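Chain A is the first sequence line, chain B the second, and so forth, proteins listed ahead of strands; every chain is numbered from 1. In this text the structure is predicted, and so the values were computed from the model without any measurement.
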Number of protein chains: 4
Amino acid sequence: MTTTSKDNGRQRADARTTGGARRRAKGSSTLASERREHLVKLAAELFAQKGYQATTVRNIADEAGILSGSLYHHFDSKESIVDEILTSFFDELAAANQAALARGGDPREVLSDLVRICFSTLVPHRAAIMVLQNDWNYLKQFERFDYLAKAEADTERLWVDQIKRGQETGLFRDDIDPKLTYRMIRDTIWVTVRWFQPEGRLDADGLADHYIKVLFDGISLHR
Amino acid sequence: MTTTSKDNGRQRADARTTGGARRRAKGSSTLASERREHLVKLAAELFAQKGYQATTVRNIADEAGILSGSLYHHFDSKESIVDEILTSFFDELAAANQAALARGGDPREVLSDLVRICFSTLVPHRAAIMVLQNDWNYLKQFERFDYLAKAEADTERLWVDQIKRGQETGLFRDDIDPKLTYRMIRDTIWVTVRWFQPEGRLDADGLADHYIKVLFDGISLHR
Amino acid sequence: MTTTSKDNGRQRADARTTGGARRRAKGSSTLASERREHLVKLAAELFAQKGYQATTVRNIADEAGILSGSLYHHFDSKESIVDEILTSFFDELAAANQAALARGGDPREVLSDLVRICFSTLVPHRAAIMVLQNDWNYLKQFERFDYLAKAEADTERLWVDQIKRGQETGLFRDDIDPKLTYRMIRDTIWVTVRWFQPEGRLDADGLADHYIKVLFDGISLHR
Amino acid sequence: MTTTSKDNGRQRADARTTGGARRRAKGSSTLASERREHLVKLAAELFAQKGYQATTVRNIADEAGILSGSLYHHFDSKESIVDEILTSFFDELAAANQAALARGGDPREVLSDLVRICFSTLVPHRAAIMVLQNDWNYLKQFERFDYLAKAEADTERLWVDQIKRGQETGLFRDDIDPKLTYRMIRDTIWVTVRWFQPEGRLDADGLADHYIKVLFDGISLHR
DNA sequence: AATGAATGAGAGTTCATTCAT
DNA sequence: AATGAATGAACTCTCATTCAT
């Protein structure tokens with residue numbers, strides 16, 4: 001197997017037993033990579049619109065103006081495509097979260113940052129989030145996507161730590177359950193992807209502000 | 001179509017939004033109806049577990065110990081089955097919501113009731129909510145399910161009215177968007193179906209209490 | 001899963017985790033089984049003619065006058081069909097070999113019997129032998145067919161034992177290699193399936209006689 | 001088609017049965033020819049391992065470290081590659097057979113020579129023989145390979161002549177069928193390619209000796 | 001001499017649904 | 001009320017081959 005663009009951008013655990021040289025000198029792979037990214041984008045849009053299962057590889061190929069078989073020049077499988085979409089989202093999110101943690105601040109500030117990060121991915125990673133909301137239940141059955149569950153577990157730890165720290169430092173109420181609270185925050189944010197319209201009254205930042213307000217102080221008017 | 005129970009338990013399309021349970025009065029059809037309900041229950045469990053699309057009619061038939069073709073004696077399509085699951089949920093929810101409204105009380109009390117109603121459906125209607133969370137994006141493309149969008153619009157009006165009334169009477173903050181707030185509340189509650197375990201630390205009521213607390217007063221500790 | 005004819009006639013190692021009742025009272029399965037056997041026969045003929053790989057499930061379905069998808073009512077997969085063909089051959093061969101052994105006699109008699117048994121399968125199991133000759137190299141890569149290699153190993157032991165016994169009792173020459181000799185006999189017999197015509201000058205029995213003659217005494221005229 | 005080495009190394013179809021090696025006399029095409037031969041060798045190895053049908057042109061290209069499309073600079077089809085492998089085998093075999101005949105001797109000596117020739121091709125032409133054993137049934141359907149059947153018919157005549165001559169001169173038994181006997185000898189020898197290991201206890205020559213012994217005198221111990 | 005993108009035909013398989021029995 | 005056989009359309013994916021660069 002040569003170094004085509006089919007490698008899916010992620011390391012494979014299984015070593016290649018068959019021979020074959022690996023090459024490619026200069027920059028023609030940039031073009032290949034652009035084509036590939038374009039196809040991923042088209043697929044992402046369809047996955048978001050109709051769902052992963054309901055989108056056929058023919059749909060994607062049609063959108064690109066090629067035949068379905070031709071997609072397999074670029075990707076191993078339909079799964080590879082969605083994998084690429086999800087990976088790119090998770091990688092970016094993890095990096096942003098780490099950066100927020102590194103910036104420091106009191107738990108309320110960190111939590112605000114984390115919330116804002118979530119909302120800020122809504123537009124650039126709409127498809128990934130949509131797929132996660134609608135098709136995760138289906139995708140999780142494939143070993144290949146186990147890494148997503150792990151990534152989510154990491155994120156949970158990160159949030160829960162901040163909530164607990166907030167409780168210890170007297171910033172947050174003591175009578176809420178950290179894990180439960182995290183889950184509700186997480187779900188509430190991501191699920192907005194279903195109805196959120198960036199061109200609407202509130203953009204992603206506005207949505208974040210609104211949510212942070214309610215999250216920290218509730219909807220009640222306090223005297 | 002024969003004179004069996006195949007009419008999907010629902011007389012007319014325009015009867016959909018009126019809510020309320022339907023009963024079959026007379027004789028042997030009760031047995032048929034019981035068998036039918038049993039099959040719906042089996043299907044519901046599978047839909048909840050694997051999703052609507054990923055569940056095959058064969059899966060359902062297998063679970064019932066019959067052949068897939070035999071299901072069509074009871075239902076005229078796979079869609080009919082999920083329709084029945086969803087209708088039963090929406091009918092019950094609408095009725096409960098109306099009852100809460102009828103009971104009256106200040107907006108905070110009514111809203112609390114509405115929240116509690118939502119959480120209380122989590123167990124008996126787990127499958128319907130799961131389907132709505134995971135497969136709505138797919139199902140909405142069929143005209144047949146347009147009534148669900150209408151029912152949801154009705155519910156939204158009901159909630160938004162209460163939130164606005166709360167703002168007018170000085171109970172709720174003025175700087176929150178009623179519609180946005182409703183959506184977030186709605187999403188936060190329903191999405192819990194994905195991880196909620198009735199046998200866990202908190203049951204549905206506990207979850208409701210926890211959420212109402214955070215919703216009204218936020219997670220911050222106010223002096 | 002119910003007890004349809006899809007079980008492939010062979011036990012499955014993997015237990016069925018999904019529920020479902022198992023029934024079937026009377027004899028309607030005989031009919032189902034007949035249909036199934038008919039399809040297997042059609043497939044066998046095609047496999048023998050064109051090879052396993054080159055035969056498509058559509059070819060088989062066409063021959064049966066149904067659509068390709070309909071085959072899957074009867075079989076899990078194309079592999080299942082060929083499996084059935086091979087299993088039936090191996091089962092019968094193993095039984096016949098055991099019977100020959102049980103009959104006893106000196107090694108020359110037993111070996112003659114074994115040879116005759118091989119030739120006698122040429123007509124009834126032509127397809128299986130043809131597949132084994134032409135497609136074994138392909139089929140052996142699938143775990144599913146590991147049992148064939150095992151069956152072959154058993155047969156080898158059986159033959160080699162007789163050859164050795166013949167050498168010990170002074171019936172056979174001492175300067176031949178038992179294993180090598182077995183392999184050559186085996187291959188020589190089975191490979192005749194490629195050109196053997198039952199309607200030709202010699203039938204399977206005639207072929208066996210001819211071969212036994214040459215095998216034991218060679219082609220040379222001994223004074 | 002350009003003026004590359006794509007003409008498959010063979011000038012005309014009617015030159016096929018004449019046998020003999022073909023050389024390219026002149027200049028830089030020697031390099032091209034070497035590359036070509038290298039590719040044929042890689043393909044041969046794969047065909048032997050996995051069979052002709054199961055080997056994809058991509059497999060071959062991978063092995064060579066190039067892309068599958070690039071193979072078509074050297075060959076005009078997958079068939080051309082296997083054709084080259086088979087032709088080279090048949091040409092050499094025919095030449096060797098002719099030489100044996102030319103050397104003369106009594107039928108027993110000639111037959112021994114022919115047997116030894118067959119065994120001696122086992123190593124250098126392993127792939128061709130393997131393909132012939134496993135994929136001939138598939139390849140024979142293409143007109144292009146009709147010449148193989150013809151070559152085989154020629155060989156048969158040659159062998160049968162010697163066997164008959166042996167019977168006439170009282171060297172061989174009269175009660176064996178010459179044609180049948182030839183076929184069994186042929187099959188027995190070629191089919192060993194499936195399990196023969198040159199590094200094993202017996203090399204090709206040893207195998208030949210062993211077989212000649214059994215062929216002429218049988219496995220029985222004659223007083 | 002090779003790449004990289006694509007074709008086009010066809011592969012095995014799935015599945016909701018129908019219908020005679 | 002159920003069976004068992006079949007449909008027909010669609011699915012993901014494969015692969016020999018082509019061709020502009």
Side-chain angles (χ1 to χ4, degrees), chain A residues 2 4-6 23-24 28-29 31-32 35-36 39 53-61 64-79, chain B residues 2 4-5 31-32 35-36 53 55-61 64-79, chain C residues 2 4-6 23-25 28-29 31-32 35-36 39 53-61 64-79, chain D residues 2 4-5 31-32 35-36 53-61 64-79:
Chain A
T2 54
T4 67
S5 50
K6 237 184 177 175
R23 284 146 308 96
R24 171 152 321 110
S28 78
S29 67
L31 244 92
R35 179 85 180 115
R36 185 188 172 79
L39 293 171
Q53 290 177 84
T55 301
T56 69
V57 293
R58 266 181 184 86
N59 291 152
I60 302 170
I66 58 176
L67 292 177
S68 68
S70 305
L71 274 179
Y72 289 80
H73 179 64
H74 303 278
F75 308 96
D76 285 349
S77 65
K78 193 184 166 189
E79 276 179 32
Chain B
T2 55
T4 65
S5 51
L31 235 92
R35 179 89 178 110
R36 182 189 173 80
Q53 289 179 82
T55 300
T56 68
V57 295
R58 204 156 162 158
N59 289 151
I60 303 169
I66 58 177
L67 292 181
S68 63
S70 306
L71 274 180
Y72 288 80
H73 185 69
H74 302 279
F75 308 95
D76 41 63
S77 69
K78 192 184 166 190
E79 278 178 30
Chain C
T2 54
T4 67
S5 50
K6 239 185 178 175
R23 284 147 309 96
R24 168 151 326 110
S28 79
S29 70
L31 244 92
R35 181 82 179 117
R36 183 188 174 79
L39 293 172
Q53 289 177 84
T55 301
T56 70
V57 294
R58 272 177 182 87
N59 290 153
I60 303 171
I66 58 176
L67 292 177
S68 67
S70 305
L71 275 179
Y72 289 79
H73 179 64
H74 303 278
F75 308 95
D76 285 349
S77 65
K78 193 185 166 189
E79 275 178 33
Chain D
T2 56
T4 66
S5 50
L31 235 94
R35 179 90 179 108
R36 184 189 172 80
Q53 289 179 85
T55 301
T56 68
V57 294
R58 207 159 162 154
N59 289 152
I60 303 170
I66 58 178
L67 292 181
S68 64
S70 306
L71 273 180
Y72 287 78
H73 185 70
H74 301 280
F75 308 95
D76 40 65
S77 69
K78 191 184 168 190
E79 279 177 30

Paired nucleotide for [N] [Watson-Crick or G-U wobble; both distances under 3.5 Å]:
N: dA11(E); answer: dT12(F)
N: dT7(F); answer: dA16(E)
N: dA1(F); answer: none

Between [X] and [Y], what is the shortest heavy-atom contact and its length?
X: His74(B); Y: Arg36(B); result: O-NH1, 2.6 Å
X: Ala61(B); Y: Leu67(B); result: CB-C, 3.5 Å
X: Lys78(B); Y: Gln53(B); result: NZ-O, 3.6 Å

Report the distance from atom [atom1] of [X] to atom [atom2] of [N], rounded to the nearest whole Å.
X: Ile66(C); N: dT7(F); atom1: CD1; atom2: C1'; result: 10 Å
X: Leu71(D); N: dA2(E); atom1: CG; atom2: P; result: 9 Å
X: Gln53(D); N: dA11(E); atom1: CD; atom2: C1'; result: 13 Å
X: Phe75(D); N: dA1(E); atom1: CZ; atom2: P; result: 12 Å
X: Leu67(D); N: dA20(F); atom1: CG; atom2: P; result: 18 Å
X: Glu79(B); N: dT17(E); atom1: CD; atom2: C1'; result: 12 Å
X: His74(D); N: dA1(E); atom1: NE2; atom2: P; result: 6 Å
X: Asn59(D); N: dT14(F); atom1: CG; atom2: C1'; result: 12 Å

Tell me whether the OP1 or OP2 atom of [N] has a side-chain N or O from [X] closer than 4.0 Å.
X: Arg35(A); N: dA6(E); answer: yes
X: Thr56(A); N: dC11(F); answer: yes
X: His73(C); N: dA6(F); answer: no
X: Tyr72(B); N: dT17(E); answer: yes

Discussion item. Is the shortest side-chain heavy-atom distance between Leu71(B) and Ile66(B) below 4.5 Å?
Written reply: yes
Practice prompt. Hey, which sits more toward the 5' end of DNA chain F by its nearest nucleotide, Leu39(C) or Val57(A)?
Written response: Leu39(C)
Worksheet item: Does Arg58(A) or Ala54(D) map to a spot on DNA chain F nearer the 5' end, using the closest nucleotide for each?
Response: Arg58(A)
Discussion item. Let me spell it out: for each of Thr55(B) and Ser70(B), pick the nucleotide of DNA chain E with the closest heavy atom. Which residue's pick is nearer the 5' end?
Written reply: Thr55(B)
Worksheet, complete the sentence: Nearest-nucleotide check on DNA chain E, Lys78(C) vs Ser68(A); residue mapping nearer the 5' end is Ser68(A)
Practice prompt. Would you give the length of the straight line joining atom CG of Leu39(C) to atom NE2 of His73(C), rounded to the nearest 0.5 angstrom?
Written response: 10.0 Å
